[in-house]
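Here's the structure we're looking at; comments come further down.
Just so it is clear, the structure is predicted and the values come from calculations on it, not from any experiment. Only this structure's heavy atoms are used, side chains among them; waters, hydrogens and symmetry mates stay out. Order of appearance sets the numbers: ligands from 1, and atoms from 1 within every ligand.
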Amino acid sequence: MQKTSLSWKAAGLSVGVVPTMGALHEGHLSLVAAAKQQCDRVIVTIFVNPTQFNNTEDLTRYPRTEAADTALLASHAVDVIFAPAPEDVYPLGFASQVTVAGVADPLEGRFRPGHFAGVATVVAKLFGMTLPDRAYFGEKDWQQVQVIARMTADLNLNVALQICATARASDGMALSSRNARLSPADRAIAGQLHPVMRACAQDLIQGQATAQIVAKAQKALIGYGFEKIDYFTYCDEQSLVSLDHFAPNGRLLVAAWLSGVRLIDNVAV
Ligand code: AMP
């Protein structure tokens with residue numbers, strides 16, 4: 001992979017990478033489209049990274065649809081699908097880890113211990129393997145973008161990060177590989193998440209206190225049938241420090257459970 005990428009660069013071509021865990025949907029394809037538009041060569045990586053799963057059941061149940069993914073990417077004319085085996089990514093003796101402090105600590109960091117160390121390590125490795133000029137990530141995983149931006153700057157990785165808007169279904173639900181695990185009835189309940197967030201955004205803009213709004217939203221979600229809410233928070237979109245009232249660069253971030261499936265979403269407010 002490195003040789004291919006280096007040969008492209010030697011020929012003066014720009015290289016973009018879209019890191020994914022497969023089970024591709026329109027959200028991933030919007031990243032691929034952006035990469036195709038901005039880069040001469042596009043690599044899509046498919047790797048279900050075991051070290052970022054803090055829950056073995058989530059890893060085992062993670063959808064794997066290699067044949068469909070390959071067919072989908074063929075119709076988008078990407079240059080390379082790079083799908084390494086776990087033992088090639090983590091060979092015997094592998095002993096390094098990238099950890100990011102600060103922005104990786106709250107929210108997902110708190111509820112999924114070790115998750116961002118897994119993400120930061122594999123993204124650093126994927127950058128090292130694919131040697132891209134640009135890398136494409138989705139706003140859908142907002143905190144992940146902040147962690148990767150911190151790591152890329154801190155480690156002088158010389159990759160320009162391109163952040164793409166969240167692709168949504170017609171009811172506003174953020175597209176996600178994990179949505180495939182929801183029954184039709186649960187998918188209908190899940191569709192309430194985004195409207196509840198939009199309503200919160202309106203209340204925040206009108207000046208209501210965050211604590212009040214969040215309590216109301218959590219109650220509404222439980223009423224619709226969500227089992228548990230890991231967090232429903234309004235915070236500064238870069239530092240992820242909580243905000244008690246509307247502020248410029250604020251963002252609502254949510255993680256909630258429905259029938260054993262953990263859904264996350266975020267919106268700028
Ligand atoms: P994943 O395969 O879930 O690890 O996601 C791979 C990349 O696609 C990450 O940068 C995600 O943020 C991005 N992504 C996932 N879902 C969406 C979506 N609905 N809209 C835009 N990007 C997404």
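Rounding to the nearest 0.5 angstrom, the gap separating the CD1 atom in Ile81 from the OG1 atom in Thr70 is 4.5 Å.
Identified under the ring pair (Phe, Tyr, Trp, His ring centres under 6.0 Å) test for residues 245-269, with sequence neighbours left out: none.
A salt bridge between Asp58 and Arg178 is present, with a side-chain N of the basic residue lying under 4.0 Å from a carboxylate O of the acidic one.
Between the Ser30 side chain and the Gly27 main chain, a donor and an acceptor come within less than 3.5 Å of each other.
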Anything under 3.5 Å between an N or O on ligand 1 and a protein N or O? List each pair with its distance, or write none.
| unit_1 | atom_1 | unit_2 | atom_2 | d |
| --- | --- | --- | --- | --- |
| ligand 1 | 2 (O) | Met21 | N | 2.9 |
| ligand 1 | 2 (O) | His28 | NE2 | 2.9 |
| ligand 1 | 5 (O) | His28 | NE2 | 3.4 |
| ligand 1 | 10 (O) | Gly138 | N | 2.9 |
| ligand 1 | 12 (O) | Gly138 | N | 3.2 |
| ligand 1 | 12 (O) | Gly138 | O | 3.2 |
| ligand 1 | 12 (O) | Asp141 | OD2 | 2.6 |
| ligand 1 | 16 (N) | Leu175 | O | 3.4 |
| ligand 1 | 19 (N) | Ala167 | O | 3.0 |
| ligand 1 | 19 (N) | Leu175 | O | 2.8 |
| ligand 1 | 20 (N) | Ala167 | N | 2.8 |

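Relative orientation of the Tyr90 and Phe94 rings is perpendicular, given thresholds of 30° and 60° on the angle between their planes.
Taking every heavy atom of both residues into account, Asp69 and Gly22 meet most closely at OD2-CA, 3.4 Å.
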